[in-house]
Amino acid sequence: MALFKNDAAGEGAKNLPRHIAIILDGNGRWAKKRGLPRTAGHAAGAETFRRIATYCKNLGIDYLTVYAFSTENWKRPREEVEAIMGLLGKYLREAVETMERDHIRLKILGDPSILPESLRGLIAETADISAHYEGFQANVCLNYGGRDEIVRAARRFAEDYKAGRASELTEESFSSYMFSAGIPDPDLIIRPGGEMRLSNFLMWESAYSELIFTDVLWPDFTGEDIDAAIAEYQRRDRRFGGIKK
Ligand code: IPE
Ligand code: IPE
Ligand code: MG
């Protein structure tokens, strides 16, 4: 399959999504199928993220955004939330060591204020390291909610407006108040795990994203599933409200 940016045939290069977003779903069911605790599914899912991020980077994708923990996921049992926070901490600690070497910039989207102190420190460290180089960027949505993002942006805009720092509101200027400021909208959103909904993911940014749903559970997700999603994306006709050229 000619999906690579620098593939000699160059077929896929014409139409490679610049930004892929993934809703990491199905960890719990993956574990249940194996008679394991749900937390084992989250651990397997974290490994899958590592693999898929490297895969997307090597394909020549510029941005990969993953939905790792939503503003609604706090409703889960405390032990599960603690296990997820522990895994995120482990991942971020490892990322601090390896991201410079692997040239993976990491940005956390969401409200860090209620996250454990140690996680907040790691988030700040990854942001510092990422500021020093360019290239592939992975965005991890953590305590992220699409509606929460819009409400926060509206509040920040209102404050700037009151202080005379903002002029009339436009779609473009409003985008600059979002967690995703400066990041192009996702071209393609993939949801593994079989559910066909967005669950409060990128409500503003997904306006014209192509959506692909698959039954594969996230821990089982492979590079081939990325290839298949990109191939499907390349068959779609994106009109953005216009007509086919
Ligand atoms: C996704 O997997 C991870 C998070 C939402 C934190 P789930 O934990 O939602 O897995 P299922 O949907 O129960 O299988
Ligand atoms: C969406 O998955 C949130 C994340 C993957 C972080 P959920 O498992 O929380 O979504 P619902 O509850 O099935 O809509
Ligand atoms: Mg789920």
Side-chain angles (χ1 to χ4, degrees), residues 19-53 56 63-92 94-95 106-116 118-120 122-123 126 138-152 178-180 183 186 188-206 209 211-222 225-226 229:
H19 181 178
I20 296 180
I22 310 181
I23 298 172
L24 309 185
D25 199 24
N27 293 350
R29 280 164 285 164
W30 181 92
K32 192 168 178 213
K33 256 174 50 182
R34 286 165 177 73
L36 297 168
R38 291 178 57 84
T39 49
H42 297 312
E47 283 311 311
T48 304
F49 169 62
R50 206 189 292 276
R51 249 189 314 109
I52 295 297
C56 286
Y63 298 90
L64 172 70
T65 299
V66 297
Y67 199 12
F69 194 86
S70 75
T71 46
E72 289 75 35
N73 288 147
W74 298 104
K75 293 176 193 160
R76 298 189 179 198
R78 207 184 68 182
E79 312 80 71
E80 180 169 344
V81 171
E82 278 173 3
I84 293 171
M85 294 299 150
L87 283 164
L88 286 163
K90 178 168 172 277
Y91 178 80
L92 289 175
E94 284 162 11
L106 205 55
K107 187 174 167 69
I108 308 299
L109 308 184
D111 169 27
S113 70
I114 55 168
L115 296 175
S118 58
L119 268 188
R120 294 208 305 266
L122 287 163
I123 290 170
T126 56
N139 304 306
V140 178
C141 296
L142 195 48
N143 188 27
Y144 172 90
R147 289 184 171 182
D148 180 61
E149 181 181 35
I150 294 170
V151 169
R152 278 164 197 281
M178 307 294 264
F179 293 129
S180 61
I183 301 169
L188 169 61
I189 296 181
I190 306 170
R191 182 167 189 154
E195 311 292 359
M196 290 199 246
R197 55 179 172 252
L198 288 174
S199 302
N200 206 10
F201 187 44
L202 304 178
M203 300 317 309
W204 171 266
E205 299 85 344
S206 62
S209 304
L211 308 179
I212 290 182
F213 300 97
T214 156
D215 288 336
V216 177
L217 301 172
W218 173 247
D220 289 330
F221 207 84
T222 64
D225 296 307
I226 290 285

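Just follow the structure's listing: the first ligand is 1, and inside any ligand the first atom is 1.
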**Prompt:** Under 4.0 angstrom from ligand 1, any heavy atom of Lys32?
**Reply:**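 No, Lys32 has no heavy atoms under 4.0 Å from ligand 1.
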**Asked** Atom CD in Glu72, atom CG in Asn143: separation rounded to 0.5 Å?
**Response**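 Glu72 atom CD to Asn143 atom CG measures 9.5 Å (nearest 0.5 Å).
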**Parallel, tilted or perpendicular: rings of Phe69 and Trp74 (30°, 60°)** =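 Aromatic pair Trp74/Phe69 classed perpendicular.
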Within the 4.5 Å heavy-atom criterion, are [X] and [Y] side-chain neighbours or not?
X      : Y      : result
Pro186 : Leu202 : yes
Thr48  : Trp30  : no
Phe49  : Ile22  : no
Leu115 : Met85  : yes

**Asked** Within a radius of less than 6.0 Å around CZ of Arg34, do more than 12 heavy atoms belonging to other residues, nucleotides or ligands occur?
**Response**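 Atom CZ in Arg34 is packed in, count exceeds 12.
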**Request:** Mind checking salt bridge (Lys or Arg N to Asp or Glu O under 4.0 Å) for Arg29 and listing every partner two or more places apart, or none if nothing turns up?
**Result:**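 Residues passing salt bridge (Lys or Arg N to Asp or Glu O under 4.0 Å) with Arg29: Asp25, Glu195.
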**Request:** Give me the protein N, O or S atoms that fall under 2.8 Å of the Mg ion (ligand 3), sorted by chain and residue number.
**Result:**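 Short answer, with waters excluded from the count: Asp25 OD1.
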**Message:** Checking Glu82 now: which residues fulfil side chain to side chain donor-acceptor pair (under 3.5 Å) with it, not counting sequence neighbours?
**Reply:**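 Listed in chain order: Arg78.
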**Request:** Let me know which protein residues bring a heavy atom to under 4.0 Å of ligand 2; chain then number is fine for ordering.
**Result:**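 Only Ile23, Leu24, Asp25, Tyr67, Ala68, Phe69, Ser70, Asn73, Arg76, Arg191, Arg197, Ser199 have heavy atoms that fall under 4.0 Å of ligand 2, ordered by chain and number.
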**Message:** Evaluate Phe179 against Arg152 for side chain to side chain contact (heavy atoms under 4.5 Å, CB included), listing each step before the verdict.
**Reply:** CA-CA 9 Å; Phe179 293 129; Arg152 278 164 197 281; 3.6 Å; yes
